[in-house]
Every structure is written in structure tokens, then in C-alpha cells.
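I have placed the structure first, in the form of C-alpha cells, so that the comments after it can refer back to it.
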Amino acid sequence: MSFTVAIVGRPNVGKSTLFNRLVGKKLALVDDTPGVTRDRRPGDARLMGLTFTIIDTAGLEEADEESLQGRMRAQTEAAIDEADLSLFVVDAKNGLTPVDTALAEMLRRRGKPVVLVANKSEARGSDSGFYDAYTLGLGEPTPISAEHGEGMLDLRDAIVEAIGKDRAYAKEDVAVTNVDISEAAGEGDDEDEEPVYDDTKPLRVAIVGRPNAGKSTLINRFLGEDRLLTGPEAGITRDSISVEWDWRGRTIKMFDTAGMRRKARVTEKLEKLSVADALRAIRFAETVVIVFDATIPFEKQDLQIVDLVLREGRAAVLAFNKWDMIEDRQAVLADLREKTDRLLPQARGIRAVPISGQTGWGLDKLMQSIIDTDRVWNKRISTAKLNRWLETQQIQHPPPAVSGRRIKLKYMTQVKARPPAFMISCTRSDALPESYTRYLINGLRADFDMPSVPIRIHFRSAENPFEGKKRRT
């Protein structure tokens, strides 16, 4: 049986740097600003032959339970209760504070194994802080440098001693608990077939939107627990956190992301890092849910986020959140439908679902829309059907003549799915107007039932086998 380790400590002692060191990837945001991490983030750690689940947590501070810092503390305490072992990180460079002493007392009361870690021990003058750590009463501190990777062997030995050799080196298949969103996923095969949709494969879903639209509250309602930090403050979420659960027998991997404001308003380095993390989550996901605040929908930033998702080639679903705050629902719903069609012509037929993350109303319908949209995003159409359809389209609306010469579309095939992309062999592809491309895309949507997903058509000029050859006389 594997084990779980929580990294705890006051703000700015290097917990996220140590987390990134142990997972071998820059998953957690790191900045000199205290309190960067707010939610608890799991990852798969590997340390000198050890494999275990590691949880990065928010810095522990004394605060009122209702405040943001108090809610962050509750998330960290939940991680400590969930873990088998805690790595209590202190700053050897700057020494101990009363907060460290209070945290040590809290960990002792929990009665679980604790490894005391003296980080930044490579710094000049860190010896006094290292020896002060003995006064916490948690045993011998382990000196490390998370930034430079020093002391990792000693840390491994301390973990083995605390958890037990049998538990530490138990043989088993390690399950993936978190995914590196900085790397793109495979697109599957591109055979010219119409495969049956695999509804057993895990589905990756990113939740995006403006700040304070209710993204984290929505995910908590899906999970049925307060897994993610929420509150009335805008911009609480910073890291893109992945959570996993089953919906009607299918594994869903959902990414909570930071709220995305207009680029001109994003000036702080930390917010730029958060938005970049959200963009990586969009690229990694298969389906993206754009959460609108139903009380103030269709802000300019909402439309830009939808356009960004479609340009990235992701399947998109709109969720109009805070529906419990709407009084005249029928009138508002009709208005939202009209605005969706008018303001998002590039996403014709996009699924839009009114929901309430606070009460859970409409979430089953939202999940079904996500599944249906993913099914379309993975759709493949046989070459025979496409060429019969292309011939019909040209009869109904022939391509225009340019400089007195008619453009002829000869052959069509689907070159990939996720999103659906097609190649058409034609004469004079450079002269085909954009309006005719839109006509073909709209026809594909209508005739093959492909709403809401990006459709891409590439044109290729047919090669002339006699070009460049001299005519015989």
C-alpha cells in the first residue's frame, strides 16, 4: 500500500519549490510573494527509489475561520488529516517564528508521523536557524535546499524512518493522481474509419471563466465536498488544480483554473503566471466549460475566452452559473439564447446550460452536454460519405468563378479528429473565397450533426502531372 505525504509550514518557506522538486515538474506556481499556494494540490513524487503521493498546501497562519486565510488553513488541515505523514518545512535562513511553534504544537496534537525539514540550509548564516529547529520538539531537523536539490538523500532516509521501511518500499502500481498540464496529450489515430465512441475513457475537462464566476464552487458541488477553496473574494484560485471522480461510471478529470481577466488589467507577475497555467489547462483538456455569471453575462472577456477556446481547437460548453439568483428565468433564458447565436457565430450550435453551482441545479444536464460535445469532437466521417456530400454541396451552390475560370472541388477526406479537420483537393485553392469555406463548414455542422466544436478545412491544389513538361510535336 502506498502512502501520502503533506508538505506543511508557514507561508514562503519553500513548500511549492520542494513539491516541484519531488514531482520532477514545475506543476505548482512559485513566487517570492507569500501565500501563492491556496488550494491543496496532489502529485506523484519520486525520491531516490521511493514513490508516494505528495500534497502541496497553503501556508498555515493564525486567522479567523471565516477569512480567506482561515479557509486556506482549513484546506491545509484537511490535507494533514488525509496524509499518512507530514513534512513540516521551516526556513533555516530566516529562523523560527511564533507561527512555526504554534504549527508544531498542532502537528503534535494530530499524532501522525512528522519529518521536520529545515529548508534553505545552503544559505549563509542558516546554522542558527537549523539548530533553533530542535526547540520545536519534533526530532532532528533534516537540512535541505529545495531550490538546488541538496539534502534529498537525507530527506529520503528521514521519510523511510518515519513511515517504516515496509510501508515505504511496498510494491504496487502507482496510480496517476495529477497530470502535467504543460505537456499536450496524444490525438489518437487518424485512420479513415467511423469508430465507435469510447465512453469508458477518462475525460479531461477544464473549467474556465472570469474571476468570481463560480468555477471552484461548481467543482465542489460535483465532488460533493469542499475540495477547493471558495469565497466571495475574486481571484481566489491561482494554480490549475486537477480533481477526479466518477460520473455514471466514467472517470472525469476536471481542472479548476484561475479567473481570466482582460490582458490590459493583468499587471502583476503572479496573476500572469496563474493565467498562463489556465491556458495550459485549456490546451491539455478535451472539453472546456466556460462559466458565465448569469447575472452579468456576455461581458467582452467572456466572448474572448470562448474565442480562445475554439482557436485552441477544444470542444466548448457554456454554463450560465448563479441561475438561482435569476427571477424571470424564461425571459432571461430566451435572451441568452438570442445573444449566444448573435455574439458567437463562430460557435454555431454551441451547447449552453443554465446551472447553479451553489444548489447543484442543472449539473447532470451540464455533464451530459459535456459528454455529447466530446462525442462530436471525436467524430469521424468516412471518405465515401464526405465525397457524396461534397458533390451535393457543389450542385446546390457551385464554387464561384475567378477570372472566368471555375474552381472545382475534386476530393474530400477527414485527416484528423479532436477537433474534426478535413482536406479538400481542388483547383486554384488560393483563389477560393472565405465565404465559400464558411458555407462548407456550416453544411458539415448541419448535415453531419456537428454543433459547437471547431471544424477546420484545409484546401490543397491538385497536382498537374503535365506541368513543366514540354509538349511533343
Side-chain angles (χ1 to χ4, degrees), residues 2 4 19 23-29 39-45 53-56 75 79 82 173-188 197-209 214-230 237-258 274 276-291 309 312-317 319 351 353 355 357 363-364 366-378 417-419 453:
S2 184
T4 302
F19 174 86
V23 299
K25 302 168 185 174
K26 292 184 178 180
L27 294 185
L29 297 185
D39 283 292
R40 58 189 196 267
R41 172 195 278 276
D44 292 323
T53 299
I54 190 79
I55 304 176
D56 189 21
Q75 287 283 323
E82 177 186 339
D173 294 329
V174 179
V176 174
T177 60
N178 201 59
V179 187
D180 179 7
I181 62 176
S182 64
E183 298 176 4
E187 296 294 342
Y197 177 70
D198 184 3
D199 57 5
T200 62
K201 218 172 70 171
L203 177 61
R204 300 186 298 272
V205 181
I207 307 294
V208 303
K215 301 180 291 297
S216 299
T217 302
L218 171 62
I219 296 177
N220 282 343
R221 180 60 63 176
F222 274 127
L223 297 175
E225 61 174 298
D226 291 334
R227 170 63 180 81
L228 300 170
L229 190 64
T230 60
T237 302
R238 284 175 173 168
D239 288 275
S240 294
I241 305 294
S242 71
V243 295
E244 187 174 313
W245 86 100
D246 285 342
W247 184 78
R248 297 183 181 176
R250 183 167 189 182
T251 300
I252 306 295
K253 294 181 179 179
M254 191 166 278
F255 293 88
D256 186 24
T257 64
S274 297
D277 212 23
L279 293 176
R280 284 194 294 271
I282 290 173
R283 295 186 185 108
F284 183 78
E286 295 162 318
T287 302
V288 178
V289 177
I290 302 101
V291 180
V309 171
E312 287 292 340
R314 305 301 97 178
V317 176
R351 291 175 172 86
V353 185
I355 63 166
L363 296 198
D364 273 346
L366 174 61
M367 277 306 308
Q368 190 58 57
S369 295
I370 291 171
I371 299 295
D372 292 342
T373 302
D374 182 66
R375 190 186 300 271
V376 174
W377 193 64
N378 282 274
R418 306 160 58 96
V453 300

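Annotation for I282 and R314: closest pair O-CD, 3.2 Å, computed over non-hydrogen atoms. Residues V317 and S369 approach most closely at CG2-O, 4.0 Å, considering heavy atoms. Minimum heavy-atom separation, A206 to A281: CB-O, 3.9 Å. When all heavy atoms are compared, the tightest approach of F19 to I54 is CE1-CG2, 3.5 Å. Taking both residues in full, the closest heavy atoms of T257 and K215 are given as O-CE, 3.3 Å, listed atom of the first, atom of the second, then distance.
In this structure, CG in L203 is found 10.5 Å from NZ in K253, a value given to the nearest 0.5 Å. To the nearest 0.5 angstrom, F284 atom CZ is 5.0 Å from F255 atom CZ.
Contact check for Q368 versus R351: no side-chain heavy atoms found under the 4.5 Å cut-off. Between I371 and W247, the closest side-chain pair of non-hydrogen atoms falls below 4.5 Å. N378 is not listed as a side-chain neighbour of E286, based on a closest heavy-atom distance of 4.5 Å or more. Side-chain contact check for W377 versus T287: every heavy-atom pair is 4.5 Å or farther apart.
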Practice task
Any chance you could lay out the side-chain contact (heavy atoms from CB on, under 4.5 Å) test for D364 and R248, step after step, and finish with the verdict?
Solution key: CA-CA 10 Å; D364 273 346; R248 297 183 181 176; 4.0 Å; yes
Problem - side-chain contact (heavy atoms from CB on, under 4.5 Å) assessment of L218 paired with D256 - result: CA-CA 9 Å; L218 171 62; D256 186 24; over 6 Å; no
Problem - Working for side-chain contact (heavy atoms from CB on, under 4.5 Å), residues M367 and I252 - result: CA-CA 10 Å; M367 277 306 308; I252 306 295; 3.8 Å; yes
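When atom types are taken as modelled, the side chain of E312 and the backbone of R283 share no donor-acceptor pair closer than 3.5 angstrom. With hydrogens and angles ignored, the 3.5 Å screen pairs a side-chain donor or acceptor of R250 with a backbone N or O of K201.
The one candidate from L366, T373, D372, D374 that meets the side chain to side chain contact (heavy atoms under 4.5 Å, CB included) condition with I370 is L366.
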